[in-house]
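Have a look at the structure below, then the notes.
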Amino acid sequence: MIGYLIRRLLYSIPILVGVCFLTFVLFYMTASPGEIARRNLSAKNPTAQQIKDWEHQHGYDKPKWKQFLDTTEGLFLLRLGRSDSVKGERVMTRIKESWFPSFEIAVLSFGAAITINLSLALVVAYFRGTYLDIYGTSLCVFMMSVTYLVYIIGGQFVFGRLLKLTPVAGFLPGWESLRFAFLPVVVAVISGMGASVRQFRTFMLDEMNQDYVRTARAKGVSEPQVLFKHVLKNAAIPVLTTSVQAIPGLFLGSILLESFFNIPGLGNYLVDAINSQDFAVVRAMVFIGALVTIVGYILTDISYALVDKRVRLE
Amino acid sequence: MNPPLLQVNGLKTYFNTPAGLSKAVDGVSFSLQPGETMAIVGESGSGKSITALSIMQLVPEPAGYIESGTISFDGQDLLDLTWEQMRSIRGRQISMIFQEPMTSLNPVFTIGYQIREAMLTHDKFKGESATSRARSLLERVGMPSPNKVLRQYPHELSGGMRQRVMIAIALANEPRLLLADEPTTALDVTIQAQILTLLRDLQRDTGMSMLLITHDLGIVSQVADKVAVMYAGQIVEQSPTNTLLSNPLHPYTQGLIASLPSRSRRGQELYTLEGVVPPPTRWPAGCRFHDRCSKRLQICDSQMPLATKYDDTRSVSCHLYPAQEMAGNQERLK
Ligand SMILES: Nc1ncnc2c1ncn2[C@@H]1O[C@H](COP(=O)(O)OP(=O)(O)OP(=O)(O)O)[C@@H](O)[C@H]1O
Ligand SMILES: [Mg+2]
């Protein structure tokens, strides 16, 4: 187990270096330091000298390979550095300020989605072949075909404008935040519901055709017990693996969601940085995103081994 | 004679399949006395497993259903019971062991849990007593180090060991009838013999009745009091084991026995039955065996023979044994 963890962490080093390299190359393909300087300098028409000074100050005058090594080393030591923008604030400070809204919304939507989708999937699986199942799965397909934007705008209109139950957008700290988080969470849950319920239902039905289900029935185990104990515990394994896709979202938030609801989270921070070609910030955020994803996958493997005794982490 | 424990009459179990209506079990009748062991033999696809699953009412849904017939157990027709009433019989009065030991246990629960669950479901043994009974059941089925096995998961055990666990589960509530569906097919030969001996001893000790399904006539003689030979969804011959082996009536049974290796025919080439069981969506007209039969008569491809009493203990469905000769003994299938 410990050995497994160490090995996984070692494997992740080349992955992270690769991520840094790709970000670095892509950035230089779309912008040059001179352009960044021009965008970020306060002067309207900066002189060549001013640009040179800026480049020197931010380390963009060094050879490319040196820049790459320096920045990558910084990232690995979690020295995220300062933003390239005029204010030049520390990236770490901004992350500390804006991780919470993203985290809150992501955790709430993850928890709500998995509970609701799994329960609905259990219900349609239990009533498999009946009208409830047929209409339920058709509804799922319908929900899958509607785009995310419709849910966002529709949610804002119905809950915010018509019913005035929630704020349309924005965010406040503390307990207040729950009021603001409600709508984004609902939208996140509903937009993913169709696909998840359908997928989870398939996982359940696959398990229901297994021989061990017949054994349980032959023992006289009741149908609810067969479903909620025998089938559910086995179906939890594929449910876990597919749900891991949500883990990177825990960190970066859904970019679309945060900008539409004007939530001061990490997703919004990243979008702003991309728009203003703030390489220092983009670099750091991409790195952290990759790190969180890797940790997420390791956590999934561990929970995997906890549910399925056939899985050994070695 | 005592009233039979199990009496199956005119059982028909059908499947709706893409290829059409599949008459997997098509008019099966037999009865089983308390403490008696009957074997059902027949080639793959003849409907043996579906017969047993019909008794348990665990025919794969929604494709499969019981079309007609009666299954009376202890004087009560199981087909009249509600799902909930049937559930209290499953695993308590009637247990079943399946053909597939590798996949029949739930991979995510311990062996101990799965044995205990069989008892707790029926409230017959509770708490500590269920645990200690689970341990003694494992001992009884010949499991080495039962304490350890209780805490193990199915994947940690071999096929033979898993089948022993299945037997322990089946016996947990001291059932009156055990349906053993090819309990040894998936296992290697030495293990097969051990499991069979075990089943025979358990049957003797507990006095339960047993329906042993197999396609291997060789193992029948060791275990069964009587034998029903199934072909194409029907029973073609029923007879006490010894009589059947020494004096088979139906050409199909004769073929099955001739294809067994035996001491007296040592050195000769083994007889093989030509052809295969036809698919259950298209049973042949007349006698379903006629196109593979070496003793075919004119009538065989047009008229289905009826199950006829040959003598006090035997019955056969074959035109070679016309009903007139045994006047009054004819028994028409539904
Ligand atoms: N789930 C199902 N759907 C459709 N047809 C089925 C199903 N299960 C069984 N059958 C049909 O019923 C027939 C009898 O099957 P059954 O399992 O009883 O055979 P068997 O005698 O037990 O054979 P084997 O020795 O291979 O176990 C088969 O030919 C099969 O086509
Ligand atoms: Mg079978």
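Everything numeric here is computed off the predicted structure, so don't read it as measured data. Every chain is numbered from 1, with letters handed out A, B, ... down the list of sequences.
Within the 4.5 angstrom heavy-atom criterion, atoms from both the backbone and the side chain of Q114(B) approach chain A. Of the two parts of I169(B), only the side chain, counted from C-beta on, holds a non-hydrogen atom closer than 4.5 Å to a non-hydrogen atom of chain A. In this structure, chain A has heavy atoms under 4.5 Å from both the backbone and the side chain of T103(B). Heavy atoms closer than 4.5 Å to chain A are found nowhere in L179(B), neither backbone nor side chain.
Separating the CZ atom in F109(B) from the NZ atom in K229(A) is a distance of 6.5 Å, to the nearest 0.5 Å.
Ranked by heavy-atom pairs under 4.5 Å with chain A, the first of S88(B), A118(B), A170(B), S104(B) is S104(B). Chosen from M86(B), M56(B), M102(B), H155(B), the residue pairing most often with chain A at heavy-atom distances under 4.5 Å is H155(B).
A donor and an acceptor atom, one from each side chain of H230(A) and E117(B), are located under 3.5 Å apart.
Side-chain atoms of R87(B) come within 3.5 Å of backbone N or O of G220(A) as a donor-acceptor pair. Judged by distance alone, with hydrogens and angles left aside, the side-chain atoms of H122(B) form a donor-acceptor pair with the main-chain N or O of K219(A) at under 3.5 Å.
Residues of residues 203-213 of chain A that come closer than 4.5 Å to chain B, counting heavy atoms only, are D211(A), Y212(A), ordered by residue number. Heavy-atom proximity under 4.5 angstrom to chain A picks out Y153(B) from residues 142-154 of chain B.
Summarising the local packing, OH of Y65(B) is surrounded by more than 12 heavy atoms from other residues, nucleotides or ligands at distances under 6.0 Å. Around atom CH2 of W175(A), no more than 12 heavy atoms belonging to other residues, nucleotides or ligands sit under 6.0 Å away. Counting heavy-atom neighbours within 6.0 Å of Y11(A) OH, excluding the residue itself, gives a total of 12 or less. Within 6.0 Å of atom CG in L10(A), more than 12 heavy atoms from other residues, nucleotides or ligands are found, so the atom counts as buried in its surroundings. For R198(A), the CZ atom is loosely surrounded, since the number of other residues' heavy atoms within 6.0 Å does not exceed 12.
Summarising the geometry of N234(A) relative to V108(B), their closest heavy-atom pair is OD1-CG1, 3.5 Å, with the distance given to 0.1 Å.
Within the 4.5 Å cutoff, the side chain of N106(B) has no heavy atoms near those of the T215(A) side chain. Contact annotation: the side chain of E100(B) approaches that of R214(A) to within less than 4.5 Å [non-hydrogen atoms, C-beta and beyond].
Remark: R128(A) does not engage E61(B) in a salt bridge, criterion side-chain N to carboxylate O under 4.0 Å.
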